[in-house]
Number of protein chains: 2
Amino acid sequence: MPSSLSTAPGLPSGSTVSGPSSDTTASPATPAFSPLYQQIKGLILQSLQAGEWKPGELIPSEIELAARFRVSQGTVRKAVDELAGDNLVVRRQGKGTFVATHTEQHVRYRFLKLVPDTGDVDREGPAQRQFLECRRSRANAEIARALALRTGDAVMQVRRVLSFPADGGALVPTILEDLWLPGAPFKGLTAERMADFRGPTYALFETEFGVRMVRAEEKIRAVLPDDDQCKLLHIAPGTPLLSVERVAYTYNDAPMELRRGLYRTDTHHYRNELN
Amino acid sequence: MPSSLSTAPGLPSGSTVSGPSSDTTASPATPAFSPLYQQIKGLILQSLQAGEWKPGELIPSEIELAARFRVSQGTVRKAVDELAGDNLVVRRQGKGTFVATHTEQHVRYRFLKLVPDTGDVDREGPAQRQFLECRRSRANAEIARALALRTGDAVMQVRRVLSFPADGGALVPTILEDLWLPGAPFKGLTAERMADFRGPTYALFETEFGVRMVRAEEKIRAVLPDDDQCKLLHIAPGTPLLSVERVAYTYNDAPMELRRGLYRTDTHHYRNELN
DNA sequence: CAGTGGTCTAGACCACACT
DNA sequence: GTGTGGTCTAGACCACTGC
């Protein structure tokens, strides 16, 4: 009997619990039908958003969750399976289920699809990062729209260059990135804090600001750099670059970062897998 | 008791069937442990590859498959769920499970991620296609490697231009593509056949040559066009373009197409979603 | 050893499509 | 109504982890 939760539909059979049960959460007479496991998924998601369990932490076992929501373990399992499929949670047999993190080795740089042309082997170590700028400013119309803010709202603006070692070992500046972040959640961000942090930017956002990026969308174009960009990337004018505009989202599909990257593609390429 | 199949592990309990059962498929003493549903998935995959059910056709119901493999419906369900997740099969409630196709509306142009800058709405109708070339030739070292052939093997080579209507309605050449296909499976391919066919190339491959593309990998770079390419795309020299090199695979991870596309990104962009 | 996630089963019932 | 996939349950057992 998939129906409203929170009114303990635990009775094994008979006794349907549909209809507009007037309990704590007033709902308009069962909207369209949503399977129980979806509702459970939603509830777990809420706890995730609310920070009931922090990134990296263990969430309650399936049996506990089943008891808490008054459903069978199988139903909880299906809900958690979907959360794991969305990369919100990681299952580890024998240990438990953990809130996913951008810190873990195998999922680091999940959102960076630029790889060296020479085999994919092990990504030549974390890039050398150089922070050129990190300051407060105000969102123009375009930035505001991308971040669901209002024009003039406070934003943090960051500019950095990532360099990778070439064959010889010399560092080659390969990526020039500009980041825009909503001012409120990221108050206190400084170039120094970013430079000191070991690991991906998204891991820093997680551990220092409690903002977990869940998914992202990219728009990719081929462009020519201006003089500034040429200098920063040590390239000749007229060198075509990949322009990668990314919007990253937290829970609730709330946009929390706009990032504009310029990628050199003479030694690297953007790798994508289609299914 | 997950163990070797094909020796009917149907007995409800007790009577383990592990160990190196010497039956039709000689296997080295149970390699590492593979759950039953994975083995079922493998068997269904074999039938798919063998063409037991053609693209678009209905496959046996879960109950029939369960009987056939002597497992419970739940186990078949999990196997089919994975196949559906891999886009090899499509479930339709109340009707059955069908072999996936590149012809269906909602999954057409699955592998083409170039979209118009102006909203994504409905993709401005199928592109106008212009076939400039379709001839037999021999694979050079590079093409051979990509297609898992030997240098000098026969290949089909195709060149075409795709044009999309601009705001005014005038057709703008936007994509220049070169395709290389292994000669044997695609014997008889002509420019005329391609021009006559309504729908995506991959649908043609499926219906006319029995080759179903299952996944693909792309390497993306920013490049400058040569004079030839400028003429074909009606662009000025120095206009940066997206270079998209795609290898498409059938079942068994066998590469069956190498495609090199040049995309104009002044009115369109490459759209990617990251999870 | 106990606790966790992972697999497998069997049966009941629901939602949907066809006829 | 019949048949299909979809949901939900309850219970048994397996595989892995750590005490």
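Chain naming here is simple, since letters A, B, ... match the order of the sequence lines and numbering starts at 1 in each. Predicted model, so just to flag it, every value in this text is computed and none were measured.
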(request) Tell which nucleotide pairs with C:dA17, taking only Watson-Crick or G-U wobble pairs whose two distances are both under 3.5 angstrom. (result) D:dT2
(request) Indicate whether any N or O donor in one side chain lies under 3.5 Å from an N or O acceptor in the other, for B:Asn272 and A:Glu217. (result) no
(request) Give the rounded distance in Å between these two atoms: NZ of A:Lys41 and P of D:dG6. (result) 16 Å
(message) Both A:Gly94 and A:Arg91 contact DNA chain C. Taking the nearest nucleotide for each, which residue is further toward the 5' end?
(response) A:Gly94
(message) OP1 or OP2 of C:dT7 versus the side-chain N and O atoms of B:Lys78: is any pair under 4.0 Å?
(response) yes
(message) Can you measure B:Leu58 atom CG to D:dG5 atom P for me and round it to whole angstrom units?
(response) 7 Å
(message) Quick check on C:dT7: is either OP1 or OP2 less than 4.0 Å from any side-chain nitrogen or oxygen of B:Thr75?
(response) no
(request) Compare the minimum distances between each of C:dA15, C:dC8, D:dT9 and the side chain of B:Pro35, then state the nucleotide with the smallest one. (result) C:dC8
(request) Figure out the CZ/C1' separation between B:Phe98 and C:dC18, and round it to whole Å. (result) 12 Å
(message) Please report the distance, rounded to the nearest Å, between CD in A:Gln73 and P in C:dG5.
(response) 8 Å
(message) Do B:Arg246 and B:Phe111 form a cation-pi contact, if we require the NZ or CZ to be under 6.0 Å from the six-membered ring centre and within 45 degrees of the ring's axis?
(response) no
(request) Let me know the distance between CD of B:Glu62 and P of D:dG6, rounded to the nearest Å. (result) 6 Å
(message) What's the closest nucleotide to the side chain of B:Gln93 if the choices are C:dA15, D:dC8, C:dT9?
(response) C:dA15
(request) Report the distance from atom CD1 of B:Ile63 to atom P of C:dT9, rounded to the nearest whole Å. (result) 15 Å
(request) Spell out yes or no: do the side chain of B:Arg77 and the base of D:dG6 have one donor N/O and one acceptor N/O closer than 3.5 Å? (result) yes
(request) For D:dG18, take OP1 and OP2 only and decide whether either is under 4.0 Å from a side-chain N or O of A:Lys95. (result) yes
(request) Ignoring backbone atoms, establish whether B:Ser61 has a side-chain N or O less than 4.0 Å from OP1 or OP2 of D:dG3. (result) no
(message) Side chains of B:Tyr202 and B:Glu257 only: does a donor on one sit below 3.5 Å from an acceptor on the other?
(response) yes
(request) Establish, yes or no, whether a centroid distance under 6.0 Å links the rings of B:Phe164 and B:His268. (result) yes
(message) For D:dC16 and A:Arg92 - does any side-chain N or O of the residue sit under 4.0 Å from the phosphate oxygens OP1/OP2?
(response) no
(message) Just the rounded figure in Å: distance from C1' of C:dG5 to CD1 of A:Ile59.
(response) 11 Å
(request) Quickly work out the A:Arg70 CZ to D:dT9 C1' distance and round it to whole Å. (result) 16 Å
(message) Taking the side chain as everything from C-beta on, heavy atoms only, tell me whether B:Phe205 gets closer than 4.5 Å to B:Arg212.
(response) no
